*Asks:* 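Before I ask anything, let me first share the structure, which is written out below as structure tokens.
The shown structure was predicted, so the numbers you read here are calculated from the model rather than taken from an experiment.
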Amino acid sequence: MIGLGLASSHAPAMFCPPELWPKVYDAIPDYMKDAQPHTAKLETPDVIRGYVNRIESAFEVLRRQLEAYRPDAVIFVGDDQEDMFDSRCNPAMCLFTGDEVWGSEAPFYVDQPPSASRIHLPVHKELSCHLLEELLNEGFDIASSSVMDPMGPHPERGTSHMIVYPARRLIPDLNVPIIPLYLNCYFPPLPTAARCWQLGESLARILSHRKERVAIYASGGLSHDPIGPRAGWIDTPMDHWILDRIATNRGKDLQHLFTVDSATMRGGSGEIRAWIVAAAACQWKAEVVDYIPAHHAKTGLGFAYWPQQVKE
């Protein structure tokens, strides 16, 4: 069964020391550098160090929840940004059904070769294959990949950073099998919010018949557009609306997201799809750990969990 849910952002700055945050912020497009919100200037080095401390504390809360639950597997659901896939093949949804995934846990901004920062994570192959079969039976045209052969422009970096960046924060010893579930959040075909909700419900239903203790972790979001026309800007009202919905067990409202094409909902904000899947899989009240509208991280940084449920 799925008895625990977790969710957090995975912006690269979160995994960089505070002195690198200005470098991350400077990577916004040149045409946006003179059109930044005035609040960005308030993010002094001391403020950024405070952000980093809050990020570490929030991940510690999530890690403790996971350790207390003692899962047999953790579903990592999130986007792929031309790491595993590219324009030759971009599935809307894909389960990894191989033995392990690997990748660099160091963001591009860190001066470290990908090979020196490579980590390997075991995959719960049996459960992943079971999910693949049952999701197909439930009408999901879900893709499968069982070979680590990244198709993106930097294959040496391995699998999506939605997995490798937060993995050690949640599973320090990297000794809990994961189930990678890639959602297309940037490139067509983009699953609708309603379809993501249906996916989460199906995951919970399928795994309710299994003996394994499974946690689900939504990786990505909240509002951000790091290389687009809203780079550096954060939609704080939308982020608070999302967090309020999961905190009050009104996650079904999230199905209305992405029904209108707007600049706010493009770019990295598409990663909110992962939160929708987790909210549908865990339909009880979530605990919001922290929220930081960090311009230098170019993201509304959110952290939340759905408390452990014990099967009767």
*Asks:* Shortest non-hydrogen contact from S219 to P166?
*Replies:* OG-CG, 4.0 Å
*Asks:* Given E105, which of R118, R168, R157 fulfils the salt bridge (charged side-chain N to carboxylate O under 4.0 Å, His left out) condition?
*Replies:* R168
*Asks:* Please check if atom CG in N175 has more than 12 non-hydrogen atoms from other residues, nucleotides or ligands closer than 6.0 Å.
*Replies:* yes
*Asks:* Can you check side chain to side chain contact (heavy atoms under 4.5 Å, CB included) on T299 and I292, steps first, answer last?
*Replies:* CA-CA 8 Å; T299 308; I292 309 169; over 6 Å; no
*Asks:* Does the distance from a Lys or Arg side-chain N to an Asp or Glu carboxylate O, for R210 and E126, drop under 4.0 Å?
*Replies:* yes
*Asks:* Tell me, with the steps shown, if Y51 and H296 meet ring-ring contact (aromatic ring centres under 6.0 Å, His included).
*Replies:* CA-CA 10 Å; Y51 287 171; H296 277 66; 8.4 Å; no
*Asks:* Do F85 and F187 have their ring centres less than 6.0 Å from each other?
*Replies:* no
*Asks:* Provide the full list of salt bridge (charged side-chain N to carboxylate O under 4.0 Å, His left out) pairs with a residue in residues 282-296, sequence neighbours left out, each pair given once.
*Replies:* R54-D290
*Asks:* I'd like to know whether the aromatic ring centres of H161 and F15 sit less than 6.0 Å apart in this structure.
*Replies:* no
*Asks:* Using distance alone, with no hydrogens and no angle criterion, decide if Q81 and D79 have a side-chain donor and acceptor under 3.5 Å apart.
*Replies:* yes
*Asks:* Taking R169 first and then E56, would you say they form a salt bridge - that is, a charged N and a carboxylate O separated by under 4.0 Å?
*Replies:* yes
*Asks:* Taking all atoms of both residues into account, what is the closest heavy-atom pair of I2 and C282, and its distance?
*Replies:* CG2-SG, 4.0 Å
